[in-house]
Visitor: 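Structure provided below as structure tokens; questions to follow.
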Amino acid sequence: MSTMSVSAAKKIPKKKSRFAETSRLFAKNRLAVIGLIVLILLALVAIFSNQIAPYGEDEQNLRNTLQTPSAEHIMGTDNLGRDVFSRIVYGSRISLVVGFISVGIGLAIGGGLGAIAGYFGGRSDNIIMRVFDMMMAIPSMILAIAICAALGPGMLNTMIAVGFSTVPNYARVVRSAVLTVKQQEFIEAAHATGSSNVRIILKHILPNCLAPIIVQASLGVAGAILSAASMSFIGLGVQPPTAEWGGMLSAGRTYVRNQPHLVLFPGIAIMMTIFSLNLVGDGLRDALDPRLKR
Amino acid sequence: MHKYIFKRVLMMIPVLLGVSLIIFTLLYITPGDPARQILGPDASPEAVEALREELGLNDSFGVRYANFVIGALHGDLGISYTTRLPVATEIFSRFPTTFVYALLCTIVSMIIGIPLGIISATKQYSIFDNAATTFALLGVSMPTFWLGLMLILLFSVRLDWLPASGFYGPQYWILPAMTIGMNSSAYIMRMTRSSMLEVIRQDYIRTARAKGQTEYKIVVKHALKNALIPIITVVGINFGRSLGGAIVTEQIFAIPGLGKMMVEAISARNYPVVQGGVLFIAVATSVVNLLVDILYAYIDPRLSSQYQSGKKKKALQASEVTGGTAK
């Protein structure tokens with residue numbers, strides 16, 4: 001998505017000022033900047049997991065199980081003697097990948113269909129949006145669980161399930177954005193110069209709909225990470241021994257009475273990630289559309 | 001108004017058909033044989049085959065779906081594979097629990113969310129506002145399953161004040177209601193704040209102030225009343241969502257509600273329960289949405305006149321409002 005806005009910025013000079021204006025407004029929002037910094041740190045942790053984690057992801061030491069936090073294991077060890085801190089570090093990879101790819105899946109399918117519905121209108125609009133109305137009548141968590149049950153557990157299937165269950169949200173956002181842009185004169189001009197429909201949608205309409213899409217997507221990543229963690233928590237989704245925060249919480253539940261650190265730290269990791277994603281999402285919304293400021 | 005309600009109920013039919021088709025298709029492609037699951041791994045292939053035949057699993061997709069729809073129209077949602085009870089009985093034995101739970105969560109979230117939102121809006125950019133906004137964002141960011149575990153840890157394990165699981169009486173309700181209530185209150189607080197901020201800047205508020213009206217009356221009588229519609233929308237959405245069962249929270253607190261039933265049914269390949277459950281939840285959510293839309297008319301007289309005139313247009317707008325804000 002960022003490459004898209006950059007290429008658009010190169011071609012239309014006015015777009016560049018919009019980008020600069022947005023970043024200026026975003027930078028003024030102190031909380032949003034903090035959120036962005038936390039996210040960048042998190043991404044670095046995910047990339048350099050191998051260097052940062054003192055122990056392996058699934059390195060068991062059965063003589064050293066259920067240790068409370070100490071100098072050697074700063075977040076203690078779990079029931080198999082695995083270092084909780086290392087597992088949280090490795091878990092950041094899973095969460096970020098699942099979050100962004102789920103949103104990518106939801107956005108690609110939902111955004112594509114939403115753009116078609118909004119651009120062509122009429123019967124295709126009716127059919128597409130009615131199907132999404134039906135999907136929205138099913139609670140998204142139950143839909144995700146049912147899809148995951150149909151596909152089987154695993155990381156890829158979790159991403160597909162979470163992504164699919166959010167498709168209607170993106171379709172709605174993109175459709176309504178397309179509807180407003182479509183009526184402007186430069187689209188008519190593009191029609192007059194003989195541009196094809198595909199070209200008009202991709203080159204003219206979508207770059208002008210980016211603001212609401214970016215906001216929805218950035219908040220969507222937070223939602224996707226939460227859904228994926230919930231799914232591992234109830235035993236679907238990413239399976240052990242992969243270090244996934246929701247799965248770690250679920251495994252630590254049994255020991256919550258005496259070893260609360262097993263549920264405390266993964267929970268804090270999830271909360272911190274979602275919190276900073278929400279800060280960034282809110283900041284982006286305020287910066288991209290000052291009218292929506294809450 | 002009656003015509004509008006009738007029309008909305010009619011509009012539910014295609015949605016429910018679609019919902020059942022989606023969930024039916026998903027279950028159809030789900031691997032695993034329910035008959036094998038019921039009889040266990042030791043059963044002979046002949047017994048499994050006989051049971052498949054009995055449950056109608058050998059029929060084609062179309063026949064099975066048609067049978068389900070025809071049954072559902074007669075109020076027969078099938079028989080649960082595991083308990084051998086009618087699915088409708090299963091759902092209605094669990095629904096009161098989920099309903100009480102959803103109601104409690106909604107009350108808690110309103111008690112926390114609305115006052116916080118009002119104070120935040122009236123004292124915008126104050127320390128209180130910043131603290132409340134941050135609290136709300138934290139509330140949205142906390143996974144409910146984690147918050148629930150932390151509350152259990154604090155109030156049942158450490159302080160030993162409240163029971164950790166079950167759903168037998170008021171003392172069992174507090175922790176689960178707080179878990180979901182905290183999360184939903186964050187959404188309600190944010191919506192109350194932004195809606196109040198919009199209203200408070202209007203001219204008639206300035207007029208009320210110029211008249212010398214007390215600040216309390218300005219906020220509650222003049223501002224809050226006009227800010228209610230978006231707040232009620234969010235409350236309605238949250239309530240509808242809780243009616244579908246707080247899937248993860250019900251697991252943590254061992255609450256025998258719809259959410260727990262659904263998760264167990266999906267993992268046990270208990271198809272009739274899943275289909276019936278999803279259909280029931282979709283009906284419940286649609287009814288809540290309809291009630292919220294009717295409530296709008298009572299709160300805002302301008303809307304009730306519109307229900308009479310441009311019914312079609314209004315119905316479209318109303319569905320846009322409820323759908324657009326749903327997450």
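When reading the values below, keep in mind they use all heavy atoms of this one structure, side chains included, and skip hydrogens, waters and symmetry mates. Throughout, a chain's letter reflects where its sequence line sits, starting with A, and its residues are numbered from 1.
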Visitor: How would you list, by chain and number, every residue that makes a side chain to side chain donor-acceptor pair (under 3.5 Å) with A/Asn126, sequence neighbours excluded?
Guide: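 If we apply the side chain to side chain donor-acceptor pair (under 3.5 Å) test to A/Asn126, skipping adjacent residues, the hits are A/Arg130.
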Visitor: State the OG1-CD1 distance between B/Thr30 and A/Ile147, to the nearest 0.5 angstrom.
Guide: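 Reported to 0.5 Å precision, the distance equals 10.0 Å.
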Visitor: Heavy-atom distances under 4.5 Å only: say whether B/Thr134 touches chain A with side chain, backbone, both or neither.
Guide: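 Both backbone and side chain.
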Visitor: Can you name the closest pair of heavy atoms from A/Ala146 and B/Ile266 and give their distance?
Guide: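 Heavy-atom minimum between the residues: N-CD1, 4.2 Å.
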Visitor: Would you mind telling me which of B/Ile29, B/Leu149, B/Thr285 has the largest number of heavy-atom pairs within less than 4.5 Å of chain A?
Guide: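 Top count of heavy-atom pairs under 4.5 Å with chain A: B/Leu149.
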Visitor: To the closest 0.5 Å, what do you measure between CG (B/Leu17) and CE (A/Met134)?
Guide: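 Spacing of CG (B/Leu17) from CE (A/Met134) equals 7.5 Å.
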Visitor: Can you pull out the residues in residues 232-239 of chain A with any heavy atom less than 4.5 Å from chain B?
Guide: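 A/Phe233, A/Ile234 fall under the 4.5 Å cut-off.
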Visitor: Kindly compute the distance separating OG (B/Ser141) from CG (A/Leu226), expressed to the nearest 0.5 Å.
Guide: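 One finds 8.0 Å between OG of B/Ser141 and CG of A/Leu226.
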Visitor: Please find the pair of heavy atoms, one from A/Leu249 and one from B/Trp146, that lie closest to each other, and give the distance.
Guide: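 Result for this residue pair: CD2-CD1, 3.5 Å.
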Visitor: Got more than 12 heavy atoms from elsewhere within 6.0 Å of CZ, A/Phe100?
Guide: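 Atom CZ in A/Phe100 is not packed in, count stays at 12 or less.
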Visitor: OG/A/Ser250 to CD/B/Gln251 distance, rounded to the nearest 0.5 angstrom?
Guide: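 Result: 9.5 Å between the selected atoms.
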Visitor: Does any backbone or side-chain atom of A/Ala222 lie under 4.5 Å from a heavy atom of chain B? Answer side chain, backbone, both or neither.
Guide: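 Contact with chain B involves no heavy atom of A/Ala222 at all.
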Visitor: Answer with side chain, backbone, both or neither: which region of A/Met231 has an atom nearer than 4.5 Å to a non-hydrogen atom of chain B?
Guide: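 Neither part; nothing is under 4.5 Å.
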Visitor: Are the side chains of A/Met135 and B/Val19 in touch, meaning some heavy atoms are under 4.5 Å apart?
Guide: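 Heavy-atom side-chain distance check fails, nothing below 4.5 Å.
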Visitor: If I measure from the heavy atoms of chain A, does B/Val140 come under 4.5 Å with its side chain, its backbone, both, or neither?
Guide: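 Both the backbone and the side chain of B/Val140 come within 4.5 Å of chain A.
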Visitor: When rounded to the nearest 0.5 angstrom, what distance separates CD1 in B/Ile281 from CD1 in A/Ile142?
Guide: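 These two atoms lie 3.5 Å from each other.
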Visitor: Is it the backbone or the side chain of B/Met142 that comes under 4.5 Å from a heavy atom of chain A, or both, or neither?
Guide: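 For B/Met142, backbone and side chain are both near chain A.
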Visitor: Rounded to the nearest 0.5 Å, how far apart are CG of A/Leu31 and OG1 of B/Thr133?
Guide: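 Atom-to-atom, A/Leu31:CG and B/Thr133:OG1 are 9.0 Å apart.
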Visitor: Under 4.5 Å heavy-atom distance to chain A, tell me which part of B/Leu153 shows up: side chain, backbone, both or neither.
Guide: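 The side chain, not the backbone.
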Visitor: Mind listing the closest non-hydrogen atom pair of B/Ile252 and A/Arg253 along with its distance?
Guide: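 Closest approach of B/Ile252 to A/Arg253: CA-NH2, 3.9 Å.
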Visitor: Out of B/Leu26, B/Leu137, B/Val274, B/Ile22, which one racks up the most heavy-atom pairs below 4.5 Å with chain A?
Guide: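 Highest number of pairs under 4.5 Å: B/Leu137.
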Visitor: What do the steps show when you test A/Met136 against B/Val15 for side chain to side chain contact (heavy atoms under 4.5 Å, CB included), and what is the final call?
Guide: CA-CA 10 Å; A/Met136 289 190 96; B/Val15 170; over 6 Å; no
Visitor: Answer yes or no: does atom CG of B/Leu159 have more than 12 heavy-atom neighbours from other residues, nucleotides or ligands under 6.0 Å?
Guide: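 Atom CG in B/Leu159 is crowded, with more than 12 foreign heavy atoms closer than 6.0 Å.
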Visitor: At a 4.5 Å cut-off on heavy atoms, which part of A/Leu279 comes close to chain B: side chain, backbone, both, or neither?
Guide: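 The answer is both parts of A/Leu279.
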Visitor: Would you mind listing every ring pair (Phe, Tyr, Trp, His ring centres under 6.0 Å) that reaches into residues 260-285 of chain B, with sequence neighbours excluded?
Guide: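 Checked against ring pair (Phe, Tyr, Trp, His ring centres under 6.0 Å) - neighbours excluded - the pairs reaching residues 260-285 of chain B are B/Phe92-B/Phe280, B/Phe95-B/Phe280.
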Visitor: Mind checking which of residues 268-277 of chain A sit less than 4.5 Å from chain B, heavy atom to heavy atom?
Guide: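 Listed by number: A/Ile268, A/Ile270, A/Met271, A/Ile274, A/Phe275.
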